[in-house]
**Q** 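Supplied in structure tokens, the structure appears directly below.
Below, chains carry the letters A, B, ... as their sequence lines are ordered, and counting in each starts from 1.
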Number of protein chains: 2
Amino acid sequence: MGKRVTIKDIAEECHVSITTVSRILNNKKGYCTAETEQKVLDAVKKANYHPNPAARSLVTKKTNLIGVILPDIYNYFFQELFQGAEDFLREKGYSLVLCNTDGDAKREREFLNSLSQGVVDGIIVSTSNREDDNSTILELAQNKFPIITVERYGEELKDIPRILVANREAESMAVHSLYERGHRRIAFICGPVKADNAKRRLEGYRLGLEEVGIPYDEALVCRGDYKLDSGYRATKELLESQEFTALIAANDLMAVGAVRAIQDAGKSVPDDISVIGYDGTLLAELSKPVLGTVILHGYDMGKLSAENLFKIIKGKKIADKKVVFKPELKLGESIRTIQKEK
Amino acid sequence: MGKRVTIKDIAEECHVSITTVSRILNNKKGYCTAETEQKVLDAVKKANYHPNPAARSLVTKKTNLIGVILPDIYNYFFQELFQGAEDFLREKGYSLVLCNTDGDAKREREFLNSLSQGVVDGIIVSTSNREDDNSTILELAQNKFPIITVERYGEELKDIPRILVANREAESMAVHSLYERGHRRIAFICGPVKADNAKRRLEGYRLGLEEVGIPYDEALVCRGDYKLDSGYRATKELLESQEFTALIAANDLMAVGAVRAIQDAGKSVPDDISVIGYDGTLLAELSKPVLGTVILHGYDMGKLSAENLFKIIKGKKIADKKVVFKPELKLGESIRTIQKEK
DNA sequence: CTGAAAGCGCTTACAG
DNA sequence: CTGAAAGCGCTTACAG
């Protein structure tokens, strides 16, 4: 870059002190005449002057940067989350530092540590779907560093502002919905053991069964890993050994795999087997048949996490330390009514 | 946050000057005994001391932040681009500031202006698929601000480091491939008028036809907007008025729309009509039939743009100001051989 | 309404 | 091998 214009240059140009320029730039009202103000503003514009963020930051202890730590940028939910946060925070003058952990707890810890040491003013950190380690988050929060977690579990986080998804309710709702359409044999493909939300979705499935009075049958449950292939394989296995008219997968990707397996076995979705996914991704919408799924409202979650983080930074109280988003069941073309319940 | 530990605290703790601490932290060798070094390093670790980035930045004029300006975070190509850049730059100690323009030229200009004023050390800016305005980029580059463009066109950018995709070659390759499989009536769905790469892909289609000796027939070309629906509608129109055995869509999303339209018209892909997309997205891979597509190597492009940007920042020469990536045609299940060419 | 001066927490010539 | 001091470009009490 060429020689930078500094506040001193502007001050000299306008024959005022740098104090005055600084005040005008920071919208401190009532300190000077409108003339002076206009003169300075003109000079600033003419010189295309922008205050040096580092210098400003050194004094104010604010960077106007927010860190967003995610495990997977290829995942639609996290893209929505990011976008919701960005849309809110950009308005407030923040830029976002996006950090991709790839589900690696060590890398997550590094990001948390480095970002919190003066790089950003606050952090939004989401779940990893693998092994989470909440100790660093806890430490930061105890040091009053503004941080908010999204879809992250653990008793130790109870005092930390967080935003969650009602995973149990959602899957229970899916079971209810299938039950009402006459389904009694409902299979379930769950996510990886290590993922907290996978556990919760499975619990929701069991809860739903219990509520409608269907006994839980372990043989109808298969383990997956949130990837397409695992959904395919699990469904294939299920088809070989079990009878069922509906299947719930703990995410959309596995649901697509399930649909494939069903079709490859010469059966139809939804004529022979109804399928419901989870996440409400574009994938579900673009599937053929359009996949029934659970919509998570990632965008709104991102927006709210940004709003709450912003409040924390500004020293305001947030309404609820813990906000649980209720997902929405979206019926697609992949669900068939066998028989209306009377 | 609690009271921050500063370099002064460490210096006092170790009974050395802050100069010495600074030098050790910055790996300036040969300035002190191994003992002193160890003593300081221990204190740093014990206090969990991290130098204040703003203070450091104020002196060094470096922020260790890189801006990445993209039009659409939901687009797989840009996700790959980002990831490639992040993987390289994280290694070098940088964090990435991700800015989403949503294709808005005004917002892009704002990001370019604000980021370049001391927020980041360099910028990777990609195409918008809508209206691009290269003037700000040009200005920054002229002021020696490290910037690199990806898949962005315009004669005025000729002296600016950039990374491109051989769009023409790719589509011409697609035509060749279909031709070799016996196809003679090949339809094309192009992208939006304003997108430079859409124009190039169309040119590639025409070029390919010319090369294999098929006359260009305007009636076989329909305008889309890179969205699924436009692919669906365009294909529906084509099916109603034209005879063709193959169709190329300028991106995967429109290709999926095309497949839908073909199937909804009671025809089969690839038995009746072969389809080739563009972008090599997961969508193509997850489609049924698996979509033949053009793989863009977004990850490698992101990595190289990061590498080159890094070199520019370090004042090194980059090998080529302009690098053109050759896409790869990936045959899926959506392409049928009508008749082998002799 | 305005400004001189201190200070934010570092790095880096410069001197020894 | 080590340190005192200047200076990076701002903001903000403090004084007028």
Side-chain angles (χ1 to χ4, degrees), chain A residues 1-41 43-44 47-65 93 114 116-121, chain B residues 1-41 43-44 47-65 93 114 116-121:
Chain A
M1 292 292 281
K3 206 163 137 241
R4 273 198 67 111
V5 180
T6 72
I7 196 172
K8 211 175 142 204
D9 300 322
I10 302 293
E12 279 171 8
E13 169 85 21
C14 300
H15 304 289
V16 296
S17 71
I18 60 169
T19 309
T20 299
V21 177
S22 173
R23 279 201 275 252
I24 292 170
L25 254 28
N26 288 290
N27 272 314
K28 309 259 182 194
K29 299 285 177 192
Y31 277 110
C32 68
T33 60
E35 287 166 82
T36 316
E37 185 170 332
Q38 198 51 54
K39 192 169 61 179
V40 169
L41 255 23
V44 164
N48 188 29
Y49 167 69
H50 291 252
N52 180 320
R56 179 174 265 181
S57 180
L58 189 55
V59 181
T60 62
K61 311 287 179 208
K62 294 292 170 195
T63 64
N64 288 317
L65 253 30
S114 65
S116 61
Q117 302 289 339
V119 179
V120 300
D121 295 340
Chain B
M1 291 291 283
K3 206 163 138 243
R4 273 196 67 111
V5 180
T6 71
I7 197 171
K8 210 174 145 204
D9 300 322
I10 302 293
E12 280 171 8
E13 168 85 21
C14 300
H15 305 289
V16 296
S17 70
I18 59 169
T19 309
T20 299
V21 176
S22 172
R23 279 201 275 253
I24 292 170
L25 255 28
N26 290 289
N27 271 313
K28 309 259 182 193
K29 299 286 177 192
Y31 277 109
C32 68
T33 59
E35 287 166 82
T36 316
E37 185 170 330
Q38 198 51 54
K39 191 170 60 181
V40 169
L41 255 22
V44 163
N48 188 28
Y49 167 69
H50 291 252
N52 180 319
R56 178 174 265 181
S57 179
L58 190 55
V59 181
T60 62
K61 311 286 178 208
K62 293 292 170 195
T63 64
N64 287 318
L65 252 29
S114 65
S116 61
Q117 304 289 339
V119 179
V120 300
D121 295 341

**Q** Please report the closest heavy-atom contact between B:Ile10 and B:Ala47, naming both atoms and the distance.
**A** CD1-CB, 4.0 Å

**Q** Looking at every strand, decide which applies to A:Thr19 at a 4.0 Å heavy-atom threshold: base, sugar-phosphate, or nothing.
**A**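 If one applies the 4.0 Å heavy-atom cut-off, A:Thr19 turns out to touch a base.
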
**Q** Would you kindly give the CD-to-C1' distance between A:Glu37 and C:dT2, to the nearest whole Å?
**A** 14 Å

**Q** B:Val119 and B:Ser114: which non-hydrogen atoms are nearest, and at how many Å?
**A**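 Smallest heavy-atom distance, with atoms named: CG2-O, 3.4 Å.
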
**Q** Using nucleotides 6-10 of chain D, report all nitrogen or oxygen pairs with the protein that are shorter than 3.5 Å.
**A**
from: D:dC8; atom 1: O3'; to: B:Lys61; atom 2: NZ; distance (Å): 2.7
from: D:dG9; atom 1: OP1; to: B:Lys61; atom 2: NZ; distance (Å): 3.3
from: D:dG9; atom 1: N2; to: A:Ala55; atom 2: O; distance (Å): 3.3
from: D:dC10; atom 1: OP1; to: A:Tyr49; atom 2: OH; distance (Å): 2.8
from: D:dC10; atom 1: OP1; to: A:Asn52; atom 2: N; distance (Å): 3.3
from: D:dC10; atom 1: OP2; to: A:Ile7; atom 2: N; distance (Å): 2.7
from: D:dC10; atom 1: OP2; to: A:Tyr49; atom 2: OH; distance (Å): 3.4
from: D:dC10; atom 1: O5'; to: A:Tyr49; atom 2: OH; distance (Å): 3.0
from: D:dC10; atom 1: O5'; to: A:Asn52; atom 2: N; distance (Å): 3.4

**Q** Between B:Thr36 and A:Leu25, which has a closest nucleotide on DNA chain D that is more 5'?
**A**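 Mapping each residue to its closest nucleotide by heavy atoms, the 5'-most match is B:Thr36.
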
**Q** Which heavy atom of B:Val21 sits nearest a heavy atom of B:Ala11, and at what distance?
**A**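 Minimum heavy-atom contact is CG2-CA, 3.8 Å.
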
**Q** The criterion is side chain to side chain contact (heavy atoms under 4.5 Å, CB included); which residues satisfy it with A:Ser22, sequence neighbours excluded?
**A** A:Ile7, A:Asn26

**Q** Show the nearest heavy-atom pair for residues A:Gln117 and B:Pro53, with the distance to one decimal.
**A** O-CD, 3.3 Å

**Q** Return the NE2 to OG1 distance between A:His15 and A:Thr20, rounded to the nearest 0.5 Å.
**A** 13.5 Å

**Q** For B:Thr6, check side chain to side chain contact (heavy atoms under 4.5 Å, CB included) against everything at least two apart and list the hits.
**A**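 Partners of B:Thr6 under the side chain to side chain contact (heavy atoms under 4.5 Å, CB included) test: B:Lys8, B:Asp9.
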
**Q** As an exercise, state the distance from NZ of A:Lys39 to CD of A:Glu13, rounded to the nearest 0.5 Å.
**A** 10.0 Å

**Q** Going by side chain to side chain contact (heavy atoms under 4.5 Å, CB included), name the residues that satisfy it together with B:Thr63, two or more places apart in sequence or in a different chain.
**A**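 With sequence neighbours excluded, B:Thr63 shows a side chain to side chain contact (heavy atoms under 4.5 Å, CB included) to B:Ser57, B:Leu65, B:Asp121, given in chain and number order.
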
**Q** Would you tabulate the nitrogen or oxygen pairs shorter than 3.5 Å linking the protein to nucleotides 14-16 of chain D?
**A**
none

**Q** So that I can compare with my own list, what are the stems of DNA chain D, taken as at least three consecutive Watson-Crick or G-U pairs with distances under 3.5 Å?
**A** C:1-3 with D:14-16, C:5-12 with D:5-12, C:14-16 with D:1-3

**Q** Indicate whether OP1 or OP2 belonging to C:dG3 is found under 4.0 Å from a side-chain N or O atom of A:Thr20.
**A**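 Looking at the OP1 and OP2 atoms of C:dG3, one of them is under 4.0 Å from a side-chain N or O of A:Thr20.
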
**Q** Run the side chain to side chain contact (heavy atoms under 4.5 Å, CB included) check on B:Val5 and B:Asn48 step by step: do they pass?
**A** CA-CA 8 Å; B:Val5 180; B:Asn48 188 28; over 6 Å; no

